[in-house]
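All values derive from a computational prediction rather than experimental measurement.
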Amino acid sequence: RRTGGLPLAFSLSLGLTALWFLFMTWLSHQNGEDTSKTSRELAERLSFLQEDEETLNYRLRCAAHVVTYLILVLLLGVTLELGGLPYWPLGAVLVWSWVDEATKPLVRGRHFSWRDVGLNWLGCGLGFAFLWLCR
């Protein structure tokens, strides 16, 4: 089935990619107080995984960077593949992963972190590797 001249699978994938991008950007730009509260509550709920909730909280926050960018790269890669498009736009995700952090000082209680940029890039790299292995 086609929608507006585009294959349905491509349209759905593009929509899902856009929604994921908006969702992860919204999460990333929550104020410092709210994001701390959310991650601490999650660490409390998952405390059966590790006794030290502070360490668990730190690991969850690190994992969030890696996982959100991994998913974004995979979704965009699938979308590009479904559309028969080249993969070079995936480079924009690397740029965004820095811009995402660079805009944090504009949000109350947030700051720029090269460590977080590195975690974002790690997620991108894992996504690129997975896409490459699947080709």
Side-chain angles (χ1 to χ4, degrees):
R1 235 172 125 132
R2 294 172 90 55
T3 58
L6 296 175
L8 181 60
F10 173 77
S11 298
L12 290 173
S13 184
L14 181 61
L16 186 57
T17 302
L19 285 174
W20 181 258
F21 173 78
L22 292 172
F23 174 68
M24 65 181 265
T25 301
W26 175 77
L27 281 178
S28 177
H29 288 79
Q30 297 297 298
N31 69 54
E33 184 180 314
D34 288 344
T35 193
S36 280
K37 180 182 174 195
T38 300
S39 67
R40 288 191 190 288
E41 287 174 358
L42 183 58
E44 284 176 18
R45 288 191 179 118
L46 297 175
S47 62
F48 64 90
L49 296 172
Q50 181 172 344
E51 281 185 36
D52 182 6
E53 283 184 23
E54 283 302 311
T55 301
L56 181 58
N57 182 36
Y58 175 77
R59 289 180 177 164
L60 288 170
R61 292 176 73 91
C62 290
H65 287 273
V66 175
V67 170
T68 55
Y69 277 89
L70 168 66
I71 292 171
L72 180 60
V73 165
L74 293 177
L75 287 172
L76 182 56
V78 167
T79 301
L80 295 170
E81 185 70 30
L82 288 171
L85 301 167
Y87 274 13
W88 66 261
L90 284 167
V93 179
L94 286 172
V95 173
W96 176 251
S97 67
W98 176 82
V99 171
D100 184 36
E101 281 301 313
T103 57
K104 295 278 177 72
L106 302 174
V107 179
R108 184 173 46 88
R110 300 302 295 269
H111 62 278
F112 177 85
S113 167
W114 277 110
R115 179 190 62 87
D116 291 350
V117 172
L119 291 168
N120 296 346
W121 287 346
L122 175 60
C124 290
L126 291 171
F128 296 151
F130 188 79
L131 290 172
W132 182 77
L133 288 171
C134 290
R135 280 198 96 195

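- Taking both residues in full, the closest heavy atoms of Asn57 and Ser39 are given as OD1-OG, 2.9 Å, listed atom of the first, atom of the second, then distance.
- The nearest pair of heavy atoms linking Asn31 to Asp34 is OD1-N, 2.8 Å.
- Note on Leu60 and Tyr58: separate hydrophobic clusters, where clusters join Ile, Leu, Val, Met, Phe, Trp and Tyr whose side-chain heavy atoms are under 4.5 Å apart, directly or indirectly.
- No donor-acceptor distance shorter than 3.5 angstrom exists from the side chain of Trp98 to the backbone of Trp114, with no hydrogens or angles considered.
- A 6.0 Å sphere centred on CZ of Phe112 holds more than 12 heavy atoms belonging to other residues, nucleotides or ligands.
- How far CZ of Phe130 is from CG of Leu70: 8.5 Å, rounded to the nearest 0.5 Å.
- Considering every non-hydrogen atom in both Thr68 and Trp20, the closest pair reads O-NE1, 3.1 Å.
- A donor-acceptor contact shorter than 3.5 Å links the side chain of Thr17 to the backbone of Leu75.
- Of the possible polar contacts, none joining the Ser28 side chain to the Met24 backbone as a donor-acceptor pair under 3.5 Å is found.
- Enclosure of atom CD in Glu33 is not indicated, since only 12 or fewer non-hydrogen atoms of other residues, nucleotides or ligands lie within 6.0 angstrom.
- Across Cys124 and Val93, no two heavy atoms sit closer than the pair SG-CG1, 3.5 Å.
- Under the 4.5 Å side-chain heavy-atom criterion for grouping Ile, Leu, Val, Met, Phe, Trp and Tyr, Phe48 is connected to Leu56 within one hydrophobic cluster.
- The two residues Glu53 and Ser47 come nearest to each other via the heavy atoms OE2-CB, 3.6 Å.
- Cluster annotation: Leu94 is not connected to Trp132 through the hydrophobic network of ILVMFWY side chains, with a link wherever side-chain heavy atoms come within less than 4.5 Å.
- Under the 4.5 Å side-chain criterion, counting only non-hydrogen atoms from C-beta, His65 is in contact with Glu101.
- Not a single donor-acceptor pair under 3.5 Å links the side chain of Ser13 to the backbone N or O of Phe10.
- With respect to Glu54 and Arg59, no salt bridge is recorded, no charged nitrogen being found less than 4.0 Å from a carboxylate O.
- To the nearest 0.5 angstrom, Thr35 atom OG1 is 8.0 Å from Leu27 atom CG.
- For the pairing with Cys62, the side chain to side chain contact (heavy atoms under 4.5 Å, CB included) check across Leu122, Leu119, Val67 returns one residue only, Leu119.
- At a threshold of 4.5 Å between side-chain heavy atoms, the hydrophobic network of Ile, Leu, Val, Met, Phe, Trp and Tyr places Leu19 and Leu80 in two separate groups.
- Other residues, nucleotides and ligands contribute more than 12 heavy atoms inside 6.0 Å of the CZ atom of Arg115.
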